[in-house]
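Single-structure report; data block below.
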Amino acid sequence: MEFQFNAEPYRIKVVEPLKITTPEERQQILKKAQYNIFKIPAEDVFVDLLTDSGTSAMSQYQWAGMMAGDESYAGCRNWFHLEKVIQDITGFPYILPTHQGRPAENILMMIHLRPGNAALSNMFFDTTEAHVRNKGGLPIDLIIDEGLQTDSDHPFKGNVDVDKLERYICEKGKENVGLIHVTVTCNNNGGQPVSMANLRAIREVADRYGLPFYLDAARFAENAYFIQQREAGYATKSLKEIAREMFSLADGCTMSAKKDGLVNIGGFLALKDEEKYRQAQQALILLEGFITYGGMAGRDLEALAIGLTEVLDQAYMENRIRQVHLLGESLLKAGVPAIQPIGGHCVMLDMKRFSPHIPQEHFPAEALAAALYIDSGTRGCGLGQLAFGSEDPQKGVIHYSPLEVVRLAIPRRVYTDNHIQLVTESVIRLYEERTKLRGMRVIWAPPALRHFTAHLEPLQG
Ligand SMILES: *Cc1c(COP(=O)(O)O)cnc(C)c1O
């Protein structure tokens, strides 16, 4: 056994100072933000675990690449670099640059969905689901049952239930299905991976019924790492080889490069089919920009080309997952209920077990997010009743969200283990005093996507 370096495989050259605030100040800041974590100015947050999207730190090579940006309208050199890198990693011949993930999803659904068509997935990310609906399509999640059980330790909780997939296609008719679109890793249940065997089985079903099969590849490299660590036959393969095999089973992919692209903005759509590519090109020009820059500046294309190679570095990825798991395993060891096994990019605190004394209609996830901010300046994200549920006080009807979690998403290469330690101690402190935690009440909310802008208030007593 080789000596393991359990430390960041990089050192710090530029620092971004963080503001220190007192609990009293944070109490005031939170009140001013109507107890909505999204409305807190980022400068008043000490450890920002709201999302891992677009929050990565870039390397010296990426910053140097930014200076080599070619801002020509057509045919800039950075585009040819990026195109070559993506072709090399994915094996897909046709690449279209977009400014983030969702325009790629929009275009994919434009070229594959007719009104009334179903789109089948393990679990659709919310923007993808919205684009399916926007085309008159029907988004269907077909994840394995274990994927939704918060205490199941299945190694690939992002897998599609292939029996359900085939049954759905048989029952509804393959002519009513537009495409299969599988999210790797599966974001909604905590960054849970999809196995190579599962991707292979999905490919077989797709071939049997003549359906296109795409990947939502936002976290393709983290998924490749879990395959390397957990699936028989992959331990000695490189992340790049594994990623290439994953992509070889699909007809193309959408990607939000704000995750495993290690950049702050960017995305792409990749395809195998030339005819679909022609259609997608027209949509790209209409929605994003010319085909050699999409929605990005030349310098952004260059930073992404470099980020996509860095994310497949074994030392980078081992440290990345090590840090996410350091947070998760430390919390589990202290008895804090978190979704197991810990996924690739975040830790999810299971509020139904954390504070069973707070009913879901009193928003326990938002209550803990608020307490965590006051305790240590940490910003997590409540994902539960406020985001996915609804209440109708007139009729006395409540639609409960199946999930009630606080998500702590870890930005890539941004925080040190000391920050992780601070968050760990803060969560454990709040867990030990969990009976003191009180629910929240909605003062005002818009009709849709209320968790982003709702005004809340702590319940007394
Ligand atoms: C972030 C994300 C998207 C959407 O990408 P944006 O860059 O935010 O538009 C799609 N799918 C998954 C799995 C994501 O995590």
Side-chain angles (χ1 to χ4, degrees), residues 38 49-56 86 96-110 119-134 137 139 141-143 147 157-160 179-194 199 214-224 226 243 246-247 250 252-270 283-284 287-289 294-296 300-301 303-304 307-308 311 320 324 343-348 381 383 387 403 405 407-412 449 451-452:
F38 285 95
L49 306 186
L50 188 67
T51 177
D52 66 323
S53 179
T55 52
S56 299
I86 300 173
L96 297 151
T98 58
H99 79 280
Q100 53 186 89
R102 65 199 74 179
E105 295 158 11
N106 187 14
I107 296 170
L108 180 70
M109 299 314 161
M110 281 170 78
L120 311 180
S121 184
N122 45 355
M123 278 177 106
F124 278 112
F125 182 69
D126 51 13
T127 58
T128 326
E129 177 178 328
H131 278 299
V132 170
R133 289 196 195 283
N134 182 258
D141 289 349
L142 298 168
I143 195 162
K157 283 174 86 170
N159 280 358
V160 169
L179 81 168
I180 303 169
H181 191 230
V182 172
T183 315
V184 295
T185 57
C186 185
N187 187 350
N188 295 32
N189 66 349
Q192 301 294 338
V194 179
L199 294 174
Y214 285 82
L215 294 178
D216 175 342
R219 297 177 184 79
F220 76 97
E222 290 172 4
N223 199 85
F226 284 115
M246 286 162 51
F247 287 117
C253 72
T254 55
M255 167 125 187
S256 168
K258 298 172 72 172
K259 285 75 173 215
D260 272 352
L262 294 178
V263 288
N264 307 114
I265 196 77
F268 60 86
L269 170 63
L284 185 76
L287 297 169
E288 290 278 279
M296 283 189 277
D300 298 330
L301 299 169
L304 177 54
L308 283 171
V311 79
R320 158 72 177 159
V324 174
H345 68 285
C346 66
V347 174
M348 283 180 161
C381 182
L383 290 171
L403 203 70
V405 302
R407 187 183 78 168
L408 304 171
I410 317 286
R412 296 167 181 79
L449 293 173
H451 61 295
F452 291 117

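Heads up: numbering here begins at 1 and tracks the sequence. Here the structure is a predicted model, which is why all the values come from computation and not from measurement. Ligands are counted one by one from 1 in listed order, and the atoms in each one are counted from 1 as well.
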> Would you say Thr183 and Ser121 make side-chain contact, with heavy atoms under 4.5 Å?
Replying inline: yes
> Are the side chains of Thr127 and Glu105 in touch, meaning some heavy atoms are under 4.5 Å apart?
Replying inline: yes
>> What does the 4.0 Å heavy-atom contact list look like for ligand 1?
In response: Gln100, Gly101, Arg102, Glu105, Phe125, Thr127, Thr183, Asn187, Asp216, Ala218, Arg219, Ser256, Lys258, Lys259
> With a 4.0 Å cut-off, would you call Asp52 and Lys259 a salt bridge?
Replying inline: no
>> Checking Arg412 against Glu222 for the side-chain contact (heavy atoms from CB on, under 4.5 Å) test, could you report, in this order, the C-alpha distance in whole Å, the side-chain angles of both residues, the deciding distance, and whether it holds?
In response: CA-CA 11 Å; Arg412 296 167 181 79; Glu222 290 172 4; 3.1 Å; yes
>> Going by salt bridge (Lys or Arg N to Asp or Glu O under 4.0 Å), name the pairs with one or both residues in residues 180-190, residues two or more places apart or in two chains.
In response: none
> So, Asn187 side chain and Phe125 main chain: donor-acceptor pair closer than 3.5 Å or not?
Replying inline: no
